[in-house]
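Note sheet for the following structure.
Keep in mind that this is a model prediction, so the values were computed, not measured. Just so it is clear: chains get the letters A, B, ... in the order the sequence lines come, proteins before strands, and each one is counted from 1. Hydrogens, waters and symmetry mates are skipped; everything else that's a heavy atom, side chains included, is used.
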2 protein chains.
Amino acid sequence: MEFFNKVGKMAIGSRLRMLTETMVEDAVRIYKLYDIDFQPKWFPVFYVLQDGGEFTITSIAREIGHSHPSVSKIIAEMVKNGFVIEKKDKADGRRNMVSLSAKGIEVGKKIQDQYADVTNAVEELLAQANHDLWKAIEEWEYLLEQKSLLRRVQAHQKIRESNKVHIVPYEPKYARAFKALNEEWISKYFVMEDADYKALDNADSYIINNGHILVALYNNEPVGVCALLKMDDPDYDYELAKMAVSPKAQGKNIGFLLGQAIIEKAKALGSHKLYLESNTILKPAISLYHKLGFVKVAGRPSPYERANIQMELELK
Amino acid sequence: MEFFNKVGKMAIGSRLRMLTETMVEDAVRIYKLYDIDFQPKWFPVFYVLQDGGEFTITSIAREIGHSHPSVSKIIAEMVKNGFVIEKKDKADGRRNMVSLSAKGIEVGKKIQDQYADVTNAVEELLAQANHDLWKAIEEWEYLLEQKSLLRRVQAHQKIRESNKVHIVPYEPKYARAFKALNEEWISKYFVMEDADYKALDNADSYIINNGHILVALYNNEPVGVCALLKMDDPDYDYELAKMAVSPKAQGKNIGFLLGQAIIEKAKALGSHKLYLESNTILKPAISLYHKLGFVKVAGRPSPYERANIQMELELK
DNA sequence: ACTAATTATGTAACTGATTACACAAATGTA
DNA sequence: TACATTTGTGTAATCAGTTACATAATTAGT
């Protein structure tokens with residue numbers, strides 16, 4: 001498979017499928033070798049039934065990891081070939097109890113030899129290879145169960161995207177973005193208050209009052225902002241406020257990067273403890289603050305109606 | 001996948017298929033993640049076309065290892081979505097030359113990021129596992145190309161079957177089998193000659209004349225015979241003759257086992273060089289004799305019309 | 001130069017799995 | 001006890017590939 005080495009790991013799915021196919025293709029011929037009128041796809045079901053008891057369709061499906069319609073069809077085929085018998089459960093009218101027929105048990109004996117030969121052939125193959133396919137499959141099953149391929153790719157996407165994000169200090173040309181990005185979420189979840197207009201229309205005053213604003217750029221477009229306000233309070237020196245990220249730029253870790261940068265800035269300004277106000281309706285925001293290290297504190301008076309949670313972060 | 005550890009290696013095909021499925025399932029969602037209106041199954045074809053040139057359906061199929069109808073369908077879908085364009089080849093009216101459209105090239109650029117993220121995710125997975133799935137697949141592809149699973153299973157079947165075969169010395173109760181087994185092949189390919197009747201009706205005389213007969217039993221049924229005749233010749237002391245294996249017992253290595261046993265017997269009798277006559281029409285027999293070590297020698301007079309090849313084996 | 005063989009492509013039917021949906025029986029709950 | 005939920009099963013549609021077959025164009029062999 002020359003091609004796969006060229007394409008690379010992205011095609012591992014296709015490559016797996018093709019390997020599967022070459023093996024399954026031979027399976028049919030292997031059964032013929034033993035003069036058994038048996039389809040390879042029946043095998044997992046057959047294997048379960050060989051225990052001897054009666055099983056329901058769904059219990060077999062669960063056991064072998066197939067969907068129940070798949071088992072349903074396989075059972076229908078095996079019944080038609082006389083290998084299994086169905087019987088309605090008297091106690092539970094939904095259940096279709098299936099078990100091996102006399103003919104099925106007979107075939108089971110014949111299959112033993114084949115089973116041994118195939119197992120030996122596979123073991124031999126495994127022994128000839130340096131990399132253990134069987135164990136590798138098992139590991140991948142486990143790893144993918146822990147964290148799906150989708151989520152793994154998503155994580156890498158996030159890392160890559162966040163590399164394209166640059167955090168820069170506020171400049172007057174970002175005044176419009178500073179207002180627009182904040183207005184967007186405020187008016188989506190709440191209503192703009194007087195304090196909002198006062199703050200968003202006078203970004204410069206923050207800086208004048210020893211505060212700070214940071215802007216997140218993505219492809220040189222401002223897509224996120226965050227402000228640091230000097231507070232006149234015995235407990236806190238700075239407040240983190242006016243954090244906003246464009247919904248169009250979600251999933252690039254921008255909130256976290258902005259938050260980290262503003263915390264660094266606060267440290268540089270000599271802050272010992274940060275304060276912020278928010279609303280519990282904004283779940284992603286709250287969880288972002290948690291991730292940044294903020295913890296909830298008891299209520300304080302706020303100029304904003306919408307504030308229903310207060311948080312702080314001790315800086316060392 | 002608890003089940004697979006119980007069933008064992010015989011189900012490696014099913015297990016592979018299920019792993020493939022969980023990965024391919026995610027593939028669709030991964031493409032969605034990048035806002036690309038693209039189907040995963042198009043990828044191999046797309047990858048080939050990205051080289052920039054024009055390709056025929058069959059050349060793509062060969063390159064990616066699919067059947068041509070598969071590529072034909074994929075191309076049809078991609079044309080419908082505007083990713084590729086078709087063009088009849090002027091020089092060869094059969095050829096359908098396909099290449100990426102402007103839109104296709106555009107998507108190719110978008111896909112680069114995804115390509116990188118997926119590759120990284122897979123590499124990460126590979127790094128987390130102790131057993132390298134990628135390399136294991138590659139090895140299996142190679143090993144199965146060298147010798148298919150079918151042939152490997154067949155080999156193990158043969159070994160197991162030949163363990164059920166027992167070679168025993170001639171007894172009078174095998175007289176009928178000795179004649180019948182030989183008559184079967186002689187009258188199938190040639191006609192019974194006088195010398196045949198004389199020999200087959202008087203098996204005992206071989207033994208009287210310091211010769212020997214061995215019988216192969218399978219499930220205690222005589223299924224093969226072979227005789228050693230004392231020769232009155234300056235060059236040879238014994239002749240291997242009347243070798244016969246029932247067609248019903250083929251593929252169990254019986255001919256080889258009989259041959260080996262008779263050679264051992266000859267050595268025990270003090271023979272230095274064995275001789276045999278056969279006919280080139282009996283290909284499996286000739287190749288068996290080769291496998292046993294016999295080499296062709298120049299013609300000698302024979303009492304049998306059908307003999308057209310002579311062979312000998314030096315014993316050490 | 002003509003016929004046979006080969007090559008390129010497309011269509012149809014099949015395969016072994018899936019998801020979506022329908023429906024009946026059993027179980028849980030107010 | 002009635003009604004909602006859960007469970008067990010089957011049918012239909014779908015999916016990504018396959019093989020089998022049909023057809024047209026080219027190439028090879030006599």
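- Contact annotation: B:R95 side-chain N/O to C:dT7 OP1/OP2 distance is not under 4.0 Å.
- The separation between B:L16 atom CG and C:dG16 atom P is 17 Å, rounded to whole Å.
- Distance, A:R29 CZ to D:dT18 C1': 13 Å, rounded to whole Å.
- Scored by the side-chain contact (heavy atoms from CB on, under 4.5 Å) test, B:E21 finds B:R17 as partners (sequence neighbours excluded).
- The distance from atom NE2 of B:H66 to atom P of C:dT9 is 17 Å, rounded to the nearest whole Å.
- The interatomic distance linking A:E86 (CD) with D:dG8 (C1') rounds to 13 Å, in whole Å.
- Side-chain rings of B:W134 and A:F4 stay apart, their centers remaining 6.0 Å or farther from each other.
- Between A:L100 and the choices A:I85, A:V107, A:I105, the side chain to side chain contact (heavy atoms under 4.5 Å, CB included) rule is met once, by A:I105.
- Counting heavy atoms from C-beta outward, A:I12 and B:L133 have side chains that approach closer than 4.5 Å.
- One can place CG of A:D92 at 8 Å from C1' of D:dT7, the figure rounded to the nearest angstrom.
- Straight-line distance from the NZ atom of B:K88 to the P atom of C:dT9: 7 Å, rounded to whole Å.
- Not one side-chain nitrogen or oxygen of B:S72 sits closer than 4.0 Å to the OP1 or OP2 atom of C:dT9.
- A residue-by-residue look at A:D89 and A:V24 shows that A:V24 has its nearest nucleotide of DNA chain C further toward the 5' end.
- As rounded to whole Å, 12 Å separates atom C1' of D:dA16 from atom CZ of B:R17.
- Taking the six-membered ring where the residue is Trp, the centroids of B:F38 and B:F46 are separated by under 6.0 Å.
- Between A:P69 and A:S14, the one whose closest nucleotide on DNA chain D sits nearer the 5' end is A:P69.
- Atom CG in B:L19 sits about 20 Å away from atom P in C:dG16, given to the nearest Å.
- Listed by chain and number, the residues in a side-chain contact (heavy atoms from CB on, under 4.5 Å) with A:E63 are A:V48, B:F3, B:K6 (sequence neighbours excluded).
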Heteroatom pairs (N/O) under 3.5 angstrom, protein to nucleotides 13-15 of chain D:
none

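- A cation-pi contact, defined as under 6.0 Å to the ring centre and within 45° of the axis, links B:K252 to B:Y218.
- For the pair A:N96 and D:dG8, the criterion of a side-chain N or O lying under 4.0 Å from OP1 or OP2 is not met.
- Contact of A:R94 with D:dT9 (side chain to base): no donor-acceptor pair of N or O atoms is detected under 3.5 Å.
- At a threshold of 4.0 angstrom between heavy atoms, the contacts of A:A91 are confined to the sugar-phosphate backbone, with no base atom among them.
- The side chain of A:S70 contributes an N or O atom lying less than 4.0 Å from OP1 or OP2 of C:dT18.
- Under a 4.0 Å N-O distance rule, the pair A:K103/A:E106 does not qualify as a salt bridge.
- Residue B:S67 has no polar side-chain atom (N or O) positioned under 4.0 Å from OP1 or OP2 of D:dG17.
- Of the two residues near DNA chain C, A:H68 and A:K90, the one whose nearest nucleotide lies more 5' is A:H68.
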